[in-house]
Amino acid sequence: MLAGVPAAAQTTAPAPNTAAPAAAAPAEAQATPAASAPVSSGIIRTLRVEGSQRIEPETVLSYTKLRVGIPYTAATLDQALVDLQASELFADYSISGVESGDIVLRIRENPIINRVILEGNKAIKSDKIQKEIKLAPRQIFTRTAVRADVARIIELYRRQGRFAAVVDPKQVNLDQNRVDVVFEITEGAKSKVRQINIIGNEKFSDDQLRGEMATKQSRWFRLLSSNTSYDQDRLNYDQQKLRQFYLTQGYADFRVTSAVAELTPDKRDFIITYVVEEGQRYKFGDVTVDSEIRDFNNEALAKSLPMKKGDWYNAKLIEDSIDSLNQAAGLFGYAFTDTNADFKPDRSNLTMGVEFRIGQAQRTYVERIDINGNTQTQDKVIRREMRLAEGDAFNDFQIKRSQDRINSLGFFQDKMELKRTQGSAPDRIIIEAPLEEKSTGQLQLSAGFSSLERFIIQANITQENFRGKGQTLSAGVNYSSYQKSVQLGFTEPYLFDKNVAVGVDVFRRDLNQFTFGANNNRESFYQQISTGFQARAGVPLTEYWSLSGRYGLSYDELTVGARGRGVTGQCDPLLAGQYLCDQLGNRWTSSIGYSLIYNSLNSGLRPTAGTRFTFSQDFAGLGGDVKYLRTSVNGAKYFGLGKGFIFSVLGEGGYIFSWEDRIRAGADRVRITDRFYLGEPNFRGFDIRGVGPRVRRRFYNDSVTQQALLPVDRNNNNSDDSLGGRAYYLGRAELEIPLGAGARELGLRPSIYAQVGSLFSVTRPLLNQNFAQTRDANGNLVFNPDGSPNLIRNYTTPTGATTTCPTGERLVPTGACVGNTVNVAQPLFFEEFLGNSPRPRVSVGVGVNWNSPFGPLRIDLARALIKQRGDDDKLITFNVGTQF
């Protein structure tokens with residue numbers, strides 16, 4: 001055990017607003033001089049040092065004032081010992097030869113530290129502790145340094161709320177006067193806040209006041225919360241929170257008279273007690289403005305303030321009013337306005353008069369804009385987002401707008417704020433943009449499962465600040481049993497450093513529609529391959545309005561799969577459906593379009609306020625084989641509700657009008673490849689293309705004697721083909737819910753939402769179900785093989801005739817099979833047209849964004865409350881990505 005160091009240093013509970021005692025330690029043993037006899041005075045005849053190993057004798061003597069030839073007294077020798085002790089280089093020291101004047105300093109040097117070892121620490125990693133302690137290998141060992149390091153380790157654990165932590169230092173002696181220092185740590189459990197008591201509150205309940213505090217009582221449902229641990233700083237913060245709450249309720253004289261945190265005897269929990277004095281409740285008296293700036297109308301400013309005489313006093317309104325007055329001054333070019341509130345309490349009438357004083361200020365001009373911290377991003381990328389330039393009159397609104405636009409780039413850490421400093425003259429200001437760059441490359445991986453597509457994998461890679469010029473380069477791949485696609489894109493936001501954005505996208509999409517054959521096998525029904533490109537350009541019209549145009553050219557190939565081909569190899573309406581056979585073929589689509597955009601969002605990444613609106617139209621028919629006009633609108637509004645709550649309302653809709661000739665009765669003028677589709681990911685709670693018009697084909701058993709219709713189950717020998725629609729609408733209301741500090745540190749952002757939408761307006765297709773039907777005793781549909789000449793029978797001859805005969809055919813519906821022709825077996829089915837209704841579909845759900853260690857993760861759990869017959873719902877979806 002270290003001599004002079006306590007066997008165990010242990011934390012104690014500090015009283016609020018008082019300094020916490022350091023780890024207890026006895027005083028270090030003091031060496032005393034070893035003198036043969038008392039001495040009153042004399043002359044030092046000789047002076048030497050005994051026992052030095054690493055330290056030169058001259059160095060040892062330099063720590064004292066003893067020299068050969070000088071007189072000495074008892075006080076002189078005592079001071080020499082004190083000086084040796086103060087050097088902290090020696091474990092023992094003494095003086096002899098005091099009678100003869102032949103002085104000998106006998107010393108024993110402190111050992112050298114060989115290693116510093118930490119044992120028992122799990123909650124705090126060794127590297128974090130080693131950064132805090134001072135002892136290190138090859139340093140001189142002292143008991144004072146050990147005690148100081150014990151106190152530092154204890155403090156580290158106290159910051160984590162572990163007040164029961166114990167640090168036991170030990171010394172292991174080695175040869176050559178070396179030692180190993182071992183800190184044996186017993187961490188103990190985190191000290192929780194068992195109870196919060198409030199004394200003196202009459203107007204508000206204990207639970208209501210506890211709800212205003214950051215510290216929470218330890219309960220089972222707060223298992224993941226970090227706010228249940230005791231923290232001295234949080235204790236002080238909670239006192240401020242209590243005061244702020246009472247001040248917003250009109251209690252201007254409120255104060256916390258004492259706050260005591262008591263550690264329970266087992267040192268596992270704290271009990272916190274607040275004693276408060278609420279005082280009387282005040283109302284606002286006269287509210288006036290006294291401005292020394294001549295441009296301001298004092299009466300008009302006073303009327304614009306949110307508080308009125310007779311309202312309950314609210315200190316938060318005072319702070320908001322000061323900010324709004326400073327902002328108003330900033331709009332007129334006064335950057336350094338000094339606004340103060342003078343309070344005039346009237347305790348007899350319980351009123352609080354407030355006079356806002358706006359000091360004299362000069363109009364300010366931008367002297368210089370400094371951009372710091374951008375190592376990859378070029379200066380011009382930031383400067384072109386600034387709404388002010390050198391020499392412009394200062395404008396607070398333009399500063400905030402510039403700040404929002406820079407943050408919306410997504411190139412820098414969130415919540416960057418432009419700083420203002422005094423320039424070279426009183427009317428000059430320097431604007432500084434302190435930037436901290438972050439990764440702008442993003443690799444996003446999405447995975448999911450659906451009954452239609454089975455496993456789904458999507459990968460998108462995007463570099464949003466390519467070459468540091470703000471350019472966007474992207475590539476995406478989508479792979480599933482249902483579809484495969486690849487696309488590349490490039491965007492230049494400022495062409496030739498002009499405010500004109502241009503971009504181009506190229507793509508290839510391979511979509512396979514499946515059906516289910518015998519034994520529930522998935523078979524390709526039809527295939528759509530689209531190859532093309534789109535060129536884009538956009539220009540701003542005003543600060544918030546912009547106009548973009550585009551031209552696209554694509555080549556679509558629509559072919560039928562093996563399941564839909566008859567014996568001749570062509571599309572068979574009985575197998576594929578007439579609605580699909582009408583759509584087959586190759587065609588060019590040449591389209592030109594525009595979008596009118598309004599955007600006042602305060603952030604393009606995580607908006608908390610503002611509006612976005614887009615009106616778009618695309619005209620196809622500028623050459624090519626397709627002619628239509630597609631119109632769509634979408635908008636969003638965000639509201640910051642305070643305390644971290646963000647409410648948003650989003651809506652969109654569209655319609656396609658075609659002036660092409662109808663191919664045949666039952667065929668829609670808008671081709672299946674050009675229609676709208678609705679479902680995941682836009683409409684949570686529904687599968688991909690899970691909403692809207694569709695044809696469901698329901699198959700019978702193969703047995704001629706048992707022709708019961710199988711249950712309606714897409715995975716049980718039934719096919720489900722989404723047809724899309726010419727019109728749709730979709731709306732969503734979402735509330736993002738803030739979590740505690742611990743969850744925020746993990747990057748968790750949950751939300752709840754409700755959605756409503758529909759997809760509709762497609763011509764009813766021709767269906768293959770023109771045969772007689774009856775129901776058996778159990779209510780199942782059965783076909784009547786003799787009841788209709790249009791029956792779709794389960795055998796087809798090579799010449800195309802239909803029959804129920806394995807060989808030959810029936811000459812009359814009830815006759816025998818005649819002939820020797822071997823027929824090909826075909827399943828019996830009938831088709832239903834479902835979902836073509838504008839009636840709303842409704843879903844509700846919860847989702848959470850998580851900035852996980854391996855990238856952003858989004859999980860949604862949504863349930864369809866209202867759906868139409870034929871819609872396909874989906875409960876859980878997730879996607880994950882990473883940045884580089």
Side-chain angles (χ1 to χ4, degrees), residues 448-454 456 480-483 511-516 522 525-526 577 579-580 650-656 668 670 672-673 675-699 709-734 753-765 767 769 781 829-847 860-878:
F449 180 86
S450 72
S451 56
L452 176 63
E453 298 199 64
R454 303 293 172 87
I456 307 164
S480 69
S481 300
Y482 185 75
Q483 58 181 332
L511 172 66
N512 287 279
Q513 177 75 4
F514 289 93
T515 188
F516 298 87
R522 292 162 58 91
F525 195 27
Y526 74 84
Y579 63 89
L580 177 60
L650 299 88
E652 59 180 287
Y655 184 79
I656 304 176
D668 199 281
V670 178
I672 194 172
T673 56
R675 300 170 192 164
F676 294 112
Y677 291 89
L678 194 59
E680 185 197 342
N682 294 333
F683 204 163
R684 304 163 189 168
F686 291 90
D687 208 344
I688 298 175
R689 299 190 174 191
V691 176
R694 64 194 59 247
V695 171
R696 175 173 289 171
R697 178 171 289 194
R698 302 173 64 189
F699 292 87
L709 192 66
L710 292 175
V712 180
D713 183 348
R714 190 173 57 190
N715 283 338
N716 196 359
N717 288 357
N718 295 290
S719 66
D720 187 343
D721 302 328
S722 176
L723 304 184
R726 287 183 292 171
Y728 86 101
Y729 64 86
L730 178 65
R732 181 171 78 243
E734 187 166 6
Y753 51 82
Q755 292 187 273
V756 59
S758 185
L759 177 71
F760 54 95
S761 187
V762 69
T763 302
R764 180 182 180 86
L767 302 176
Q769 57 183 43
L781 277 172
F829 66 90
F830 83 101
E831 293 176 341
E832 299 173 284
F833 179 55
L834 307 170
N836 188 32
S837 170
R839 293 179 180 176
R841 283 80 160 169
V842 177
S843 70
V844 296
V846 296
D860 282 288
L861 179 65
R863 181 177 181 84
L865 298 182
I866 300 177
K867 58 182 181 177
Q868 302 302 320
R869 186 164 176 254
D871 292 342
D872 300 323
D873 56 0
K874 186 176 182 180
L875 184 63
I876 301 176
T877 59
F878 73 93

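Every heavy atom of this structure was used, including side-chain atoms; hydrogens, water molecules and symmetry mates were not.
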Student check: side-chain heavy atoms of Leu730 and Leu678 closer than 4.5 Å: yes
Taking every non-hydrogen atom, the tightest pair across Tyr729 and Pro838: OH-O, 2.7 Å
Interatomic distance, Arg869 atom CZ to Ser837 atom OG [nearest 0.5 angstrom]: 13.0 Å
Rounded distance [0.5 Å steps], CG in Leu759 versus CZ in Arg675: 10.0 Å
CZ on Arg726 to OH on Tyr655, rounded to 0.5 Å: 4.5 Å
Taking every non-hydrogen atom, the tightest pair across Ala864 and Asp873: CB-CB, 4.1 Å
Considering all heavy atoms, the nearest Gly724-Pro693 contact: O-CG, 3.4 Å
Expected output: side-chain Ser722 to main-chain Gly692 donor-acceptor under 3.5 Å: no
Residues in salt bridge (charged side-chain N to carboxylate O under 4.0 Å, His left out) contact with Glu652, at least two apart in sequence or another chain: none
Arg694 side-chain N/O to Arg689 backbone N/O, donor-acceptor pair under 3.5 Å: yes
Main-chain N/O of Ser761 paired with Asn836 side-chain donor or acceptor, under 3.5 Å: yes
Donor-acceptor pair, side chain of Gln755 and main chain of Asn682, under 3.5 angstrom: yes
Row check, Phe683 ring normal vs Arg841 NZ/CZ: under 6.0 Å, within 45°: no
Nearest heavy-atom neighbours spanning Leu723 and Ile672: O-CG1, 3.8 Å
Rounded distance [0.5 Å steps], CZ in Arg839 versus CD in Gln868: 6.0 Å
Audit row: Phe676, Val670, side-chain contact (heavy atoms from CB on, under 4.5 Å) steps and yes/no: CA-CA 10 Å; Phe676 294 112; Val670 178; over 6 Å; no
Short side-chain to backbone donor-acceptor contact, Tyr753 and Ala862, under 3.5 Å: no
Reported CG-to-CG distance for the pair Asp687 and Leu875, which is rounded to 0.5 angstrom: 11.5 Å
Minimum heavy-atom distance Ser843-Arg684, with the two atoms named: OG-O, 2.7 Å
Closest non-hydrogen atom pair between Val695 and Pro765, with its separation: CG2-CG, 4.0 Å
